[in-house]
Structures are given as structure tokens and as C-alpha cells.
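Computation of the quantities below employed the complete heavy-atom set of this structure, encompassing side-chain atoms and omitting hydrogens, waters and symmetry-equivalent molecules. Bear in mind the structure is a predicted one, so any value in this text is a computation, not a measurement. Residue indices begin at 1 and follow the sequence shown.
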Amino acid sequence: MEKREIGSNFHFSSDELTGLAAFPVEKLVSAEDATDVRYLSSGRQGIRFCLRDLQQDPKWQHKPKIALLPEYTCTSVIQPFLQENYRVYFYSVQQNLEVSFSKLNQLSEMHQASVVLFHPYFGFDTMQADEELCPGAKYIYDATQSFYSGIDYGQADYVVASIRKWGAFTDGAYCAKTKGKFFPQEILPEDKEMLTVLREAYQLKSAYIASGQGNKVKFLELYRQASALLASRDEIHEMSELAQKYYFSFDAETMKKQRRDNYQDLLSFPRWPEIGDPIFPSLSQTDVPLYFPFFVRDGRRNQLQSFLIKEDIYAPVVWPLPDYHKFTGISDETSWIYRHILVLPIDQRYTKQNMNRIKKVLWRFV
């Protein structure tokens, strides 16, 4: 069945909600049962949980609060470091989105960083392990965009992943400590205020998608409100029961195959050179892409994005330049990425028919 919209927010249908309600609660993981893994409400809360864990480590709590982060990132990665009063420095990213461990080592030593965060991009291994990471810092591997690609970095001390971009998760983040167990810290129950808003958005969008009923502006505003509530939290909440039920019943293999098939389908579009450059021109056997990212040529990104929107195809900019960078400045090479990148949705909601529709629209744009 062809979707009227391609892209935009996930939602549950009423049938899916009914099915999840029957999922046995005893299969969920409670905070009391967890050892070196926590299921939290958001990725930024996961990062903050790791930073607070470090502050309880007798071998590490005397270290200065200095962090090294990628320039090409989102606000939600920077925010928890500022909340925990870290001084932050950044490393640039090559135009192909690769970063070398040697560069991380050089800059972490220069800035005397106690924490380094890195994240490969869009489901591809963009970290160049050209040397071992220096033992003078703790490493947070943000696996949000590579969560289903099975990419492992053995020297990472923590692994964090927001999972909301991978399916209709109301909230959710995976947070693991790879060496030892987490120190105790408070985790509040699920965020009921945010969940109430988001469930209403899901219901309104479900009706709109199924039959065209309802007010699109209304459910988009509810999605915005839920996102703002999640971003505003100073506390750390556990992943909601609904999101856990979805996570533990999630058909990951079907999701992986559909995303890979859709990516390959868009990659076959013959006129990419007239529009721009796909950043990753091939898939390995294990890559599970989050989106189809590409650079738009000749300053036509806004024009292309608007052209797609008129056809109900929503290609987001991942990411908009964080406000923090607007004050501090960034390197020319990373700035170029922010100005030229656009991504196309390829997730498991869509089939070859939907990808063909995208290609037809791109053909008309050319």
C-alpha cells in the first residue's frame, strides 16, 4: 500500500496499540533488575546518566570536567555535557563524515579531555581505527545512528543509543557500561506527562493517515510539545512500558531488510550526479542505514526540500546547526556539511513502490 506521506513522525495504529497491550509485562526489564544496562527515556538522559556515573567513580571523580565532542552533531548530544557543567571542545569531521582515532587522541591530549564522545553516522562505520584510543580519557560511543549495524568499538567505556528514530517508539534509549557495573543513581518512573501528549498525537495522526480525518496542524503541534517536554527534563526517567513492549517485540530483522532494500533502491537512481552526491555509495553486508544521506549541489538544498514537501515527501536536514556552534564557530569543513546535507526517509514503513515515487519526483526536479 502506498503511503500518502513519506517521512515525518512515526505513530502507532489502534491495532498496534491493542497488540502491544497484550505483551507480557514480566518480559520487560525494570531498573531494579538491570546491572550494566539501563533502558532510559531519551538519548540525552543516557549520556547524562553516564556522566553522573563517572562522577561517582573514585578513580575518576577528581578529573577535570572537560569533554571532546564531534562538531557535526545534534543539540541533544551537547546539552547533557552543559547540564553537568563540562567545558566542551569539538573535533571537525571530514566531508565523507569520517573521523580518525588518531585525531581524537591528538585533540583529547591537547585539551586534557576526561571524556570523549564519538558517533558513526547514518548506520555506517565512519570511525577510522588507525590507532588505539588513549587511556587518559573515558569514551562514550553514541550508537544512535548505528544501533542495528552491529558496529563495536572495544575501547568504549559506555554505549548509548536513542532508539526513537528506528520505529514508533514513544521514547527510549539504550545505555550500557562496558567495563563494570553502574553506580547507583536515581531513575524516575516513566514520564507520564510527555507520554500523554505523545499518545494523543499518535491517535490523531493514525486517524489522519487511515482516512484523512482530523487536523494535521493539531497533531504536529502535539509532536512538537512532546519533543520539547523530553528535551526539557533535568531528571532521568526510565523508558516507558509502552516503548519497552514495542522494543522487546520489535521485528528487527524485517526492519533491517526493508531499510537496506530501500537504500539500495534509491542508490540506483541514475541522475544523482545532477542533484548531488550520496555520501555512502555502497552497503556492506552488515550496514543498516538510518536514512539515505546525500549532499545537494549548487546551493539548491532548500529548493529541493521544498519541491519534495509539495509531493508529501519529507526530507529532513540532519542536523540543523546547533545554537551552541553559532556562538563558538566551527571549522570550514564541518560547516560545509551542515550547509549541504539532506536525508531521504528509507525506514520500514516504506516499500519499493514508495522509493519509486521518490525517484520520480527527483527526476522531475532534475
Look at the aromatic rings of Trp319 and His119 and report parallel, tilted or perpendicular, splitting at 30° and 60°. tilted

Could you check Asn356 against Asp265 for side-chain contact (heavy atoms from CB on, under 4.5 Å), going step by step and ending with a plain yes or no? CA-CA 8 Å; Asn356 285 341; Asp265 209 345; 4.2 Å; yes

Would Lys177 and Asp36 count as a salt bridge (Lys or Arg N to Asp or Glu O under 4.0 Å) here? Give the steps. CA-CA 5 Å; Lys177 187 172 182 176; Asp36 58 344; over 6 Å; no

Measure from NZ or CZ of Arg38 to the centre of the six-membered ring of Phe49, then state whether that distance is under 6.0 Å and the direction lies within 45° of the axis. no

Pick one: which of Arg364, Lys360, Arg357 meets side-chain hydrogen bond (donor to acceptor under 3.5 Å, both in side chains) with Glu311? Arg364

Here's a test for you: under side chain to side chain contact (heavy atoms under 4.5 Å, CB included), which of Val159, Asp157, Thr178 qualifies with Tyr139? Asp157

Between Asp347 and Arg349, does the salt bridge (Lys or Arg N to Asp or Glu O under 4.0 Å) criterion hold? Intermediate values first, please. CA-CA 6 Å; Asp347 61 72; Arg349 293 174 289 181; 2.8 Å; yes

More than 12 heavy atoms of other residues, nucleotides or ligands under 6.0 Å from NZ of Lys216: is that the case? yes

Under 3.5 Å, is there a donor-acceptor pair between the Asp15 and Ser13 side chains? no

Taking the six-membered ring for Trp, are Phe23 and Phe248 closer than 6.0 Å centroid to centroid? no

Under 4.0 Å between a side-chain nitrogen and a carboxylate oxygen: does that hold for Arg233 and Asp191? yes

Aromatic rings Phe147 and Tyr174: how do their planes relate, parallel, tilted or perpendicular, breaks at 30° and 60°? tilted

In Arg52, Gln79, Lys65, the residue satisfying side-chain hydrogen bond (donor to acceptor under 3.5 Å, both in side chains) with Glu84 is Arg52

Per the side chain to side chain contact (heavy atoms under 4.5 Å, CB included) rule, which among Ile358, Leu266, Asn262, Val343 passes with Phe292? Leu266

Under 3.5 Å, is there a donor-acceptor pair between the Ser92 and Glu333 side chains? yes

Going by ring-ring contact (aromatic ring centres under 6.0 Å, His included), Tyr263 matches just one of Phe294, Tyr291, Phe124, Phe280. Which one? Phe124

Can you confirm whether or not the ring centre of Trp336 sits under 6.0 Å from the ring centre of Phe295? yes

Are any of the side-chain heavy atoms of Tyr141 and Val160 separated by less than 4.5 Å? no

Do Tyr153 and Asp125 get their side chains close enough for a donor-acceptor pair, meaning under 3.5 Å? yes

Would you call Phe81 and Val115 a side-chain contact if the rule is heavy atoms closer than 4.5 Å? yes

Does some side-chain heavy atom of Leu82 sit less than 4.5 Å from a side-chain heavy atom of Tyr324? yes

If we ignore hydrogens and angles and just use 3.5 Å, is the side chain of Thr334 paired with the main-chain N or O of Ser331 as donor and acceptor? no

Residue pair Gln83 / Asp234, side-chain donor-acceptor N/O under 3.5 Å: yes

